Number of protein chains: 2
Amino acid sequence: MTRIDHIVHVALGERAYDILIGPRLIDEAGAILAERFPGRRYGIVTDDNVAAAQLPRLTAGLDAAGLGYEVITLPAGEGTKNYARLEQVVEGLLAARLERGDLVIALGGGVIGDLAGFAAAITRRGMDFVQIPTSLLAQVDSSVGGKTGINSPHGKNLVGAFHQPKLVLADLSALDSLDRRQFAAGYAEVVKYGLIDDPDFFDWLDVHLDEIFSGGPARGEAVARCCAHKARVVIEDEKENGVRALLNLGHTFGHALEKDTGYSDRLLHGEGVAIGMVLAHLFSTRLGLAPGQDAGRVEAHLKRAGLPTTLADIPGTLGSTDTLMAAIAQDKKVQRGALTFILTRGIGQAFIEGNVAPEAVRAFLEEKRG
Amino acid sequence: MTRIDHIVHVALGERAYDILIGPRLIDEAGAILAERFPGRRYGIVTDDNVAAAQLPRLTAGLDAAGLGYEVITLPAGEGTKNYARLEQVVEGLLAARLERGDLVIALGGGVIGDLAGFAAAITRRGMDFVQIPTSLLAQVDSSVGGKTGINSPHGKNLVGAFHQPKLVLADLSALDSLDRRQFAAGYAEVVKYGLIDDPDFFDWLDVHLDEIFSGGPARGEAVARCCAHKARVVIEDEKENGVRALLNLGHTFGHALEKDTGYSDRLLHGEGVAIGMVLAHLFSTRLGLAPGQDAGRVEAHLKRAGLPTTLADIPGTLGSTDTLMAAIAQDKKVQRGALTFILTRGIGQAFIEGNVAPEAVRAFLEEKRG
């Protein structure tokens with residue numbers, strides 16, 4: 001009955017789990033959970049947008065399977081990833097008398113997944129949790145790999161835990177309710193996988209972009225390929241001591257821009273990543289590492305997807321270069337004062353450079369803001 | 001130069017660490033850290049009592065070793081283990097620009113160790129930390145084994161993480177500045193190790209109690225034997241899926257009493273554990289599991305140490321039996337509605353009983369409150 005188009009296994013030993021990808025998995029979650037985790041109760045964490053669009057589908061399935069649950073609904077938006085909301089979720093799970101063996105369900109995009117996963121990590125010193133990502137960004141990136149957390153006034157995701165889910169259910173139909181801007185923002189992370197080390201995937205995206213945006217079969221294939229890519233990286237380097245840092249391509253610039261725009265609607269996370277990836281390619285070109293034509297191809301592809309690609313594309317006025325540099329320096333990837341960036345030798349040839357001179361970054365930013 | 005009387009190794013693979021026990025380790029911490037963790041910076045978390053008594057000794061050694069540090073000082077007391085203080089410590093570590101490779105130092109008793117360890121666990125998704133326990137309770141129990149956390153309005157230690165320290169420095173001289181009540185409260189946890197599975201240790205304590213309280217050589221030996229015991233248990237069951245739960249002997253009753261007295265000066269943690277251990281023995285006797293004379297020996301020994309042993313010893317009025325039962329039911333050790341208790345067949349013969357009827361506990365409590 002349950003239609004599962006793709007299964008990606010994340011082979012992390014005793015923390016191993018499956019990512020299931022299919023067209024109606026939210027409706028089928030109750031049956032799937034009842035079979036995989038008999039006798040558990042559930043704490044569902046979601047936001048008010050997703051609650052309206054998807055929650056009834058989930059709870060209908062849980063009811064049909066006879067599973068008990070409580071629902072905690074939060075305001076939508078990046079601003080929810082803060083200490084007060086974390087406390088609200090943890091206290092809500094405790095008030096619902098969920099026990100160590102019970103499960104938290106994160107039903108939503110990256111914000112809900114990060115926050116609910118972190119709450120699961122610290123409630124009773126660790127509850128199990130299930131990701132049901134409803135945005136493209138969450139399906140291809142944030143729901144996989146166990147990074148959970150909230151934002152600090154000092155920067156994004158600076159507070160959190162590595163806590164792997166027990167299962168990820170990526171329901172492709174949830175993507176149908178996203179507006180084009182949200183979908184495009186998630187698409188930036190799709191493109192990222194090609195740019196890191198898979199030029200064939202980038203070429204495939206160039207061919208299938210329209211089909212992915214319109215919801216054809218290429219959409220599910222793209223989600224599956226991204227999850228498989230991410231799973232490979234996470235298996236190799238779960239705690240980001242090495243190669244996992246490549247997944248931060250475009251994120252150091254991106255995080256600084258998100259912080260500068262107040263994590264607001266002015267710049268979605270994926271939009272910051274899109275600009276950040278273009279900047280990473282241009283900066284690599286500037287350092288003589290990569291051919292300029294590759295930066296051009298990246299920018300053209302992201303533009304076709306409707307994404308911003310330059311600092312000038314961000315509405316409103318950006319803060320000073322000093323402010324941006326301070327945000328870059330506070331990034332988690334800083335080690336002993338030197339800046340670590342993901343640079344590239346061209347499309348599909350990203351690498352970690354741990355010794356970037358802050359002056360070079362500053363000069364580059366000054367030039368790009370024009 | 002550095003005098004180390006005992007070394008206990010906690011063999012947890014890549015999370016392995018040493019517990020060093022000696023007479024002046026706070027003064028020598030700078031030299032020890034400089035040798036073991038070259039090139040790191042430090043975030044010291046302490047409380048205002050310990051800051052007055054011990055902080056200058058620590059910072060003098062760090063200064064002499066040329067190590068950089070920031071100090072975050074919190075109010076003393078169990079009330080500090082809350083969300084707001086956690087946020088304060090995490091934000092303080094971020095504001096100090098401590099990086100992933102830097103170290104948090106918890107200088108204080110169990111409250112500081114639990115809170116600072118938890119802050120280290122979630123700052124930048126995990127910083128290393130060093131425990132410098134200054135209370136007997138922290139030296140023999142809470143600084144070893146990686147349980148960190150804060151309290152919830154729903155109960156004690158319900159929010160937290162398993163996060164092992166990189167090193168524990170137990171300075172015996174720090175115990176000289178404890179008042180007798182604090183020392184006795186820690187001593188309850190010492191006795192616990194004998195009661196769990198080491199009747200010879202309990203006999204040894206009966207002989208050496210006075211020497212331990214007066215600061216003779218038996219004090220250091222007692223600390224080392226407790227740490228070795230705890231290390232054995234933690235190695236066998238790091239995440240408390242089994243045998244580690246034995247360390248909760250006396251804690252289910254104890255936590256309920258602490259909650260009922262508002263985590264206040266009315267009842268210190270170790271005092272709650274002392275009463276809880278006597279209740280666990282009496283309850284086991286009542287169930288026909290243990291000889292009554294053992295409960296008598298436990299009570300007599302704890303009384304000699306100056307500890308409370310009955311509900312009537314708690315100043316003020318206790319809440320209703322319903323309130324106490326609700327606190328017991330919210331304990332982390334509850335599984336699927338049945339109550340899990342650590343019961344005993346006699347001194348040194350504790351065991352985990354996962355199927356205790358709430359009615360039996362209620363009737364027992366009703367009788368004991370008289």
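All chains are named by letter (A, B, ...) in the order of the sequence lines, taking the proteins before the strands, and each is independently numbered beginning at 1. Please read all numbers here as calculations on a predicted model, not as lab measurements.
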Asker: For chain B, which candidate among A:Leu86, A:Leu94, A:Thr148 shows the most heavy-atom pairs at distances under 4.5 Å?
Answerer: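 Ranked by heavy-atom pairs under 4.5 Å with chain B, first place is A:Leu94.
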
Asker: Looking at CG of A:Leu158 and CZ of B:Arg125, how far apart are the two atoms once the value is rounded to the nearest 0.5 Å?
Answerer: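 Between atom CG of A:Leu158 and atom CZ of B:Arg125 there are 9.0 Å.
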
Asker: Could you tell me the separation between the NE2 atom of B:His154 and the CG atom of A:Leu93, rounded to the nearest 0.5 Å?
Answerer: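 Nearest 0.5 Å value for the NE2-CG distance: 9.5 Å.
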
Asker: Among residues 111-118 of chain B, which ones touch chain A with a heavy-atom distance under 4.5 Å?
Answerer: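 The stretch touches chain A at B:Phe118.
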
Asker: At a heavy-atom separation under 4.5 Å, does A:Ala119 approach chain B through its side chain, its backbone, both, or neither?
Answerer: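 Neither the backbone nor the side chain of A:Ala119 comes within 4.5 Å of chain B.
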
Asker: Can you list everything that forms a salt bridge (Lys or Arg N to Asp or Glu O under 4.0 Å) with B:Glu78? Sequence neighbours excluded, please.
Answerer: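 With sequence neighbours excluded, B:Glu78 shows a salt bridge (Lys or Arg N to Asp or Glu O under 4.0 Å) to B:Lys81, B:Lys156, given in chain and number order.
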
Asker: Given heavy-atom pairs under 4.5 angstrom as the criterion, report whether the side chain, backbone, both or neither of B:Ala95 touches chain A.
Answerer: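 Both the backbone and the side chain of B:Ala95 come within 4.5 Å of chain A.
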
Asker: Do you know which of A:Ile122, A:Thr123, A:Val159 has the most heavy-atom pairs under 4.5 Å to chain B?
Answerer: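 Between A:Ile122, A:Thr123, A:Val159, the count favours A:Ile122.
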
Asker: Quick check for you: among B:Lys239, B:His163, B:Glu87, which has the greatest number of heavy-atom pairs under 4.5 Å with chain A?
Answerer: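 Max contact count across the listed options: B:Glu87.
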
Asker: Which residue out of A:Ala84, A:Ala121, A:Pro153 racks up the most heavy-atom pairs below 4.5 Å with chain B?
Answerer: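 Counting heavy-atom pairs under 4.5 Å, the top option is A:Pro153.
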
